[in-house]
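Notes follow the structure.
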Amino acid sequence: MLERAPQPVERQLPTDEARDLISLVRDIAQREIAPKAAEEEDAGRFPREVFTLLSESGLLGLPYDSEYGGGEQPYEVYLQVLEELGAARLTVGLGVSVHTLASYALAAYGTKEQQVEHLPAMLGGGLLGAYCLSEPSSGSDAASLRTRAVRDGDDWVINGTKAWITHGGIADFYTVMARTGADGPRGITAFLVPADAEGLGAAAPEKKMGMKGSPTAQVNFDGVRVSDARRIGEEGQGFAIALSALDSGRLGIAACAIGVAQAALDAAVAYATGRQQFGRPIADFQGLRFMLADMATQIEAGRALYLSAARLRDAGRPFAKQAAMAKLHCTDTAMKVTVDAVQVLGGYGYTADFPAERYLREAKVLQIVEGTNQIQRMVIARHLAGPETR
């Protein structure tokens with residue numbers, strides 16, 4: 001029934017190198033990722049070999065300096081890579097975004113010595129990262145985190161539990177925000193913790209409605225000792241580092257969301273042009289044609305929004321408001337488009353024989369991670385009207 005092959009997204013890319021990069025990503029996505037996505041998601045299998053291939057291909061450090069093994073690509077390009085990967089399989093696209101987020105603190109705030117020592121392996125040495133901010137009792141209110149790091153000579157000893165950690169239990173390194181001072185945002189410090197540190201362990205992965213191939217787990221720190229050489233930035237700077245990382249990370253989520261929405265639209269168009277009812281394709285009926293047109297328009301609007309924010313970032317201009325807008329709009333769009341894709345496919349859309357239901361289950365989490373969409377609205381409103389009065 002799926003007779004119409006999806007057409008590649010027409011992209012405006014700044015260089016020939018970027019166009020070659022997108023071609024490489026599409027080739028990997030079509031050969032190594034998309035064909036296994038449904039089966040492996042159903043089995044809850046994480047594709048570590050895909051991330052090894054992405055690392056070997058230079059795709060795990062795209063926005064970072066080439067001096068340390070990064071691709072030195074602008075965010076405008078990096079995000080379009082994420083979109084392509086997210087369309088093939090969200091576990092992979094989101095995984096690359098999380099790895100990039102986990103590498104950000106060291107790349108942006110680490111000392112030269114720290115960057116020389118750690119970044120090459122993180123960006124191109126096959127390692128996979130995780131970002132540890134949320135806790136069981138502090139999600140949206142991240143500044144109230146309780147995981148504590150206590151100074152002991154030249155070391156820090158970390159105790160506490162992090163929650164909802166993508167790659168929890170399988171990551172090679174964890175960027176951890178821990179309390180080193182008084183309550184509130186100014187008492188938090190960032191640390192780079194190796195996965196093999198004594199006392200570090202992960203709970204069983206959460207049982208989720210979607211993205212079953214991407215492990216999400218609590219990570220426990222029981223007297224984990226790290227040297228002060230693994231402290232990132234100044235003491236008390238961790239929350240500012242975390243927020244700065246999230247501004248960029250939200251753009252990654254926006255791009256992945258548009259990837260999922262695009263995949264759902266492609267599936268809907270393929271079905272609607274191949275499915276015959278009343279002697280003609282159902283795509284001939286105005287109700288469905290208008291639905292497809294609305295889906296495509298919202299996707300294009302979302303893509304333009306995240307790229308506009310990315311170009312601000314690349315130019316060194318403030319982009320936090322635009323990042324929140326992009327995350328909000330793109331993830332809401334992914335939810336709406338995937339719901340409509342299931343509707344286009346009718347009964348088939350509700351079955352696991354077609355990918356629409358998987359896209360719908362995956363889209364939902366994107367409205368939650370890296371700041372719920374309610375938090376994004378608060379961020380946007382603060383930029384417009386100032387902080388809330390108490």
Side-chain angles (χ1 to χ4, degrees), residues 1-6 8-9 25-26 28-51 82-98 164 166-167 205-216 252-275 288 291-292 295-296 298-299 302 330-370 373:
M1 237 179 268
L2 301 179
E3 297 178 356
R4 185 186 179 93
V9 174
V25 172
R26 284 176 174 167
I28 291 174
Q30 292 168 7
R31 287 189 297 105
E32 305 293 339
I33 302 175
K36 307 173 187 176
E39 178 183 353
E40 292 191 348
E41 284 297 320
D42 187 55
R45 182 180 179 277
F46 181 73
R48 185 60 193 251
E49 72 285 353
V50 169
F51 284 85
L82 282 188
E83 184 190 328
E84 294 281 346
L85 294 173
R89 184 178 178 186
L90 184 57
T91 285
V92 176
L94 189 69
V96 173
S97 181
V98 167
W164 310 111
T166 301
H167 303 155
E206 305 288 351
K207 296 180 179 180
K208 300 175 297 186
M209 68 182 287
M211 284 194 71
K212 297 179 180 180
S214 175
T216 304
I253 299 302
C256 287
I258 292 301
V260 172
Q262 184 68 55
L265 173 63
D266 291 343
V269 170
Y271 183 87
T273 54
R275 171 71 165 169
L288 279 182
M291 186 180 292
L292 295 174
M295 293 160 73
Q298 289 303 305
I299 290 170
C330 292
T331 59
D332 280 355
T333 290
M335 197 69 226
K336 177 66 165 61
V337 167
T338 55
V339 167
D340 287 347
V342 170
Q343 190 70 20
V344 170
L345 270 69
Y348 289 111
Y350 201 66
T351 72
D353 295 327
F354 290 78
E357 61 85 29
R358 172 165 62 88
Y359 298 145
L360 172 57
R361 289 185 288 107
E362 292 176 342
K364 182 60 207 174
V365 76
L366 298 173
Q367 294 179 305
I368 299 171
V369 296
E370 295 193 29
N373 282 7

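Partners of Ala264 by side-chain contact (heavy atoms from CB on, under 4.5 Å), not counting sequence neighbours, listed by chain and number: Val337, Thr338, Ala341, Tyr359. The side-chain contact (heavy atoms from CB on, under 4.5 Å) search around Glu39 returns none, not counting sequence neighbours. In this view, Ala272 and Ile282, Ala283, Leu292, Val344 satisfy the side-chain contact (heavy atoms from CB on, under 4.5 Å) rule, not counting sequence neighbours.
Here the closest heavy-atom approach between residue Gln262 and residue Ile299 is recorded as OE1-CG2, 3.5 Å. The heavy-atom pair separating Arg26 from Val9 by the smallest distance is NH2-O, 2.7 Å. Across all their heavy atoms, Val92 and Pro47 have their closest contact at CG2-CG, 4.1 Å. Across every non-hydrogen atom of Gly86 and Val260, the tightest pair is O-CG2, 3.9 Å. Here the closest non-hydrogen pair linking Ala352 and Glu357 is CA-OE2, 3.7 Å. Among all heavy-atom pairs drawn from Gly302 and Cys330, the shortest one is O-SG, 3.3 Å.
Applying the 6.0 Å contact sphere to NZ of Lys336 captures no more than 12 heavy atoms from other residues, nucleotides or ligands. Counted within 6.0 Å of CD on Glu206, heavy atoms from surrounding residues, nucleotides or ligands total more than 12; the atom is thus considered enclosed.
Using cut-offs of 30° and 60° for the angle between ring planes, the Tyr271 and Tyr348 rings count as tilted.
Note that CZ of Arg358 and CE of Met209 are 13.5 Å apart. Values are rounded to the nearest 0.5 Å. Taking CE of Met211 as the start and OG1 of Thr216 as the end, the distance is 6.5 Å to the nearest 0.5 Å. Annotation: the span from Arg361 atom CZ to Lys212 atom NZ amounts to 5.0 Å, rounded to 0.5 Å. From Arg45, atom CZ reaches atom OG1 of Thr91 across 11.5 Å, with rounding to the nearest 0.5 Å. Rounded to the nearest 0.5 angstrom, Asp340 CG and Leu345 CG are separated by 11.5 Å.
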